[in-house]
Structures are given as C-alpha cells and as structure tokens.
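Remember, it's 1-based here, ligands and their atoms both numbered in the order they're listed.
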Amino acid sequence: MKVLKFGGTSVGTPQRMKDVVKLISDGEQKIVVLSAMSGTTNSLLEICDYLYKKNPEGAYEVINSMEKKYKKHIAELYTTDEYKTITLEFIKQEFDYLRSFAKGIFTMFEEKIIVGQGEIISTNMVANYMAEQGYNSCLIPALEFMRTDKNGEPDLEYISKKLKVQLEENPDKEIYITQGFICRNAYGEVDNLQRGGSDYTASLIGAAIGASEIQIWTDIDGMHNNDPRFVDKTSPIGHLHFEEAAELAYFGAKILHPTCVQPAKFAGIPVKLLNTMAPEAPGTVISNETEKNKIKAVAAKDNITAIRITSSRMLLAYGFLRKVFDIFESYKTSIDMVCTAEVGVSVSIDNTNHLSAIVDELKKFGHVEVDKDMCIICVVGDLDPDNVGFEAQATNALAGIPVRMISYGGSNHNISFLIHESDKKKALQSLSDHLFNNK
Ligand code: ASP
Ligand code: MG
C-alpha cells in the first residue's frame with residue numbers, strides 16, 4: 001500500500017481539494033494524509049494567542065472570519081444539498097467548539113486541541129466530498145492511532161498496532177483519509193508533531209504499515225539542485241539518498257522536514273516528492289540508494305558565525321578539543337562545521353544567543369577570533385572518499401571566492417564550505433555553472 005501526503009496549499013481551496021481527489025483515485029488502495037488548508041493553522045495559533053492574553057473578543061473575531069470563509073468553501077465544494085447541510089452542521093459544531101475555549105482557563109493543553117482542528121476540518125471536508133461523489137473511501141482518525149511515548153518520540157509499535165485496527169474495521173476501502181500533524185502523547189492527551197509535521201505523519205504511517213512508497217505532494221516539482229531564488233537555471237533532482245536529502249533540508253532546502261525522513265529511511269521505504277500542479281512530472285525519489293559518481297545539489301545556510309581558537313598549548317596536547325566542545329555544550333549551542341589544525345580549531349555555529357559568554361570562556365584556552373555574517377555552502381552527492389575528483393570540482397568552482405573553512409569526510413555525501421554571506425550568490429551560481437551546467 002502507498003501513503004500519499006498533501007500539504008496545506010494542495011488542499012488550500014475547494015478546487016484544489018477536488019484536484020487532489022481526482023489525483024488519488026486510480027483504483028489502488030492507499031492512505032492519504034492531509035494538512036490543514038493553508039493559513040488555517042496560523043489562524044488557530046492566533047486564536048490561542050488572544051486566549052492566552054485573556055482577550056476573547058480578539059479570538060471571536062478570528063473565529064468568525066474563519067467560519068465565514070469555510071462556509072464559502074462548503075458552498076463551492078459540494079453539489080448536493082444533503083452534503084452541504086451535513087458539512088455545514090459539522091463546521092458549525094467545530095467553530096462553536098472553538099468559541100467554547102474562550103470561557104475558563106487557557107493552557108498548553110487547550111492550545112494543542114485548538115491547533116489540531118485545521119486537520120480535523122480539512123479531512124472531514126474531503127471525506128464528505130468523496131462520499132458525496134461516490135468514491136470508495138473513509139476517514140480514519142489520527143487520534144486513534146498516532147501517538148508519542150514518554151520521551152515525546154513517536155511510538156511506532158503502538159501506531160502500527162492501532163492503525164491496523166482502523167484499517168481492519170474498514171475493510172475493502174480504496175482510499176483511507178487521515179489527519180497529518182496531530183497525535184496523542186503518552187498520557188492520551190491531544191498533541192502534535194510540531195509545525196510542518198504532516199510530512200512526519202506520512203513517514204510514520206509508511207513505516208508502520210511497511211508501505212511500498214511514501215509520496216509527499218506539494219506545489220514544486222521535487223527538490224532542485226540549487227536555490228532558484230539566487231541562481232538561474234536550476235533543475236529538479238531525479239534521485240537522492242536519504243542522507244543527501246537530510247543534508248539539503250538542514251542547509252535550507254525548505255521542501256522536506258528533516259526529521260520526517262527518519263522513519264522512512266529506517267524502514268527502507270522510498271519517499272517521492274511530487275507536484276500537484278504537474279502530476280506527470282517524475283519529481284524526486286529519496287531512498288537508501290546512492291547514485292554513483294554524481295554530485296547532486298547545492299544548498300546554503302545563512303547567519304553563520306565562525307569562531308577560531310588558536311593556542312600553541314594545543315600542540316601535541318590531548319583533551320584540548322574536549323575542553324572547547326564542553327563550553328559549547330554547556331551553552332546548549334550546537335556546532336555545524338569543525339576544522340582543526342595543529343595549533344587551532346575553527347567551528348561554526350548558527351545560534352549566537354550565548355556568543356559573548358562562549359567567547360569569554362574560550363579565551364581561557366587561546367586566542368579567539370569571531371567572524372559574523374558567514375554562510376555555509378553545502379554540496380551533496382556521491383562524495384565517497386574513494387571517488388577521485390569530485391571534491392576538486394567543487395573546490396575549483398569556488399576558485400574566485402575567499403573560503404574560510406572546508407569540511408569534507410564527515411560523511412560520504414557532503415562537502416561544506418564556509419564563505420562570507422556577501423559571496424553567497426556568486427558561489428551558488430558558480431557551483432551550478434561548473435557542476436550542473438557544464439560551463
Ligand atoms: N498544519 C500544520 C502546519 O501548518 C502541519 C502541516 O501542515 O504539516 O504546521
Ligand atoms: Mg508543510
């Protein structure tokens with residue numbers, strides 16, 4: 001069975017919902033994960049914000065304008081009076097429920113319930129539409145099977161067991177619709193998988209049922225080999241290894257939630273990124289296979305600070321790096337890149353909340369220099385140490401640009417360069433020209 005996930009823009013209007021329904025009904029059995037209609041989760045958070053501030057009027061205003069919008073959607077989505085009435089009644093109950101939170105205390109628990117309503121609404125709308133149009137589909141509630149454990153991590157065993165029950169209770173359906181994002185915690189309370197968590201839901205469901213494939217549908221034709229905002233002529237990548245995708249996601253390719261791929265990766269299930277606007281396009285396949293001898297993509301991460309600590313005491317000494325890293329750890333500041341020499345070490349960080357305290361402490365160990373407004377350029381692909389020439393190609397492309405750090409060998413999939421943010425556009429363009437466009 002396949003798992004298909006559609007994000008907020010893919011279900012953002014009644015027409016888009018109809019398009020999704022057309023796309024998913026090909027006779028194959030599948031589980032379909034939906035996000036809230038785009039903008040809804042933000043509005044729900046705004047309601048919570050007013051309620052935290054004890055301003056029910058503010059909350060009512062947002063609720064009323066949302067309700068008005070949803071009523072319009074219903075008028076557009078359904079053709080029969082029967083389903084218009086059923087869904088209007090459902091929407092009325094939903095918004096009355098939201099209004100009920102304006103009375104009484106408001107805490108994190110209530111907030112979690114409110115932010116999850118967007119997915120409850122969108123899935124009910126689509127499920128009702130499919131019922132109206134006579135599709136063989138049903139809604140399976142995520143809150144019946146999606147669950148995290150006491151550490152806040154998804155409880156895959158529980159998810160697998162309870163999801164099976166839901167599927168068995170509704171046998172012979174072609175399409176099972178469910179909510180992304182929402183779950184229960186270990187105590188049974190309503191919770192969620194963090195913003196953008198619907199991708200994670202799809203990946204978890206895929207792993208739980210041993211799906212043949214997980215499809216993430218958005219409105220872009222897969223992952224691109226460079227950032228189209230800064231570079232002309234980028235193209236979609238046909239295939240990526242899970243680790244390449246994780247690197248790219250971390251370094252700024254906004255298309256996939258980095259934790260999302262984890263369950264699929266461990267279960268060995270390929271993830272396909274597809275485009276609702278161009279369903280025939282091949283998109284990007286992410287799997288545990290490496291495409292040999294190929295550099296795949298380039299991404300950049302801004303707002304990086306580089307710190308260099310030099311000390312002759314480091315020469316032939318052991319324990320120096322530990323002392324340096326301990327300081328970062330005590331300020332809960334994670335390090336992205338590390339480069340060492342006999343008499344010094346350079347690291348890069350992106351969280352500068354504790355920069356001055358960290359620098360103060362580092363000064364006990366050596367001379368400290370800080371460079372701000374730096375940028376990490378990450379090149380991913382088959383960068384296995386046994387392959388010759390690929391690092392050189394990447395380095396050559398940056399020949400005209402001052403490079404502050406180079407990191408290679410940490411994985412088989414990546415080489416990273418630290419440069420000044422002001423050189424970013426030039427660096428990205430030059431990498432594209434050299435690596436992908438044969439210039
Ligand atoms: N609706 C949630 C959000 O906006 C989850 C998702 O769309 O993935 O963050
Ligand atoms: Mg998303």
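Side chains of Phe6 and Ile24 form a contact here, defined as non-hydrogen atoms less than 4.5 Å apart. With contacts defined as side-chain heavy-atom distances shorter than 4.5 Å, the pair Val271/Ser203 does not qualify. In this structure the side chain of Gln117 reaches within 4.5 angstrom of the side chain of Tyr97, judged on heavy atoms.
Remark: ligand 1 and Gly8 share no N or O pair separated by less than 3.5 Å (distance only, no angle test). Taking any N or O of Thr41, backbone or side chain, at least one lies under 3.5 Å from an N or O belonging to ligand 1.
Legend: salt bridge (charged side-chain N to carboxylate O under 4.0 Å, His left out) pairs involving residues 141-160, not counting sequence neighbours: none detected.
Distances shorter than 4.0 angstrom occur between a heavy atom of Gly197 and an atom of ligand 1. Ligand 1 lies out of reach of Gly7, whose nearest heavy atom is not under 4.0 Å from it.
Against a heavy-atom cut-off of under 4.0 Å, Ser198 is close to the following atoms of ligand 1: 5 (C), 6 (C), 7 (O), 8 (O). Heavy-atom proximity to Arg195, at under 4.0 Å, picks out these atoms of ligand 1: 3 (C), 4 (O), 9 (O). Each of the atoms 1 (N), 2 (C), 5 (C) of ligand 1 lies under 4.0 Å from some heavy atom of Glu119. Near Ser35, meaning under 4.0 Å from one of its heavy atoms, ligand 1 places the atoms 6 (C), 7 (O), 8 (O).
A donor-acceptor pair under 3.5 Å is absent between the side-chain atoms of Ser430 and the main chain of Lys426, judged by distance alone.
Checked against side chain to side chain donor-acceptor pair (under 3.5 Å), Asp326 has the following partners two or more places apart in sequence or in another chain: Arg322.
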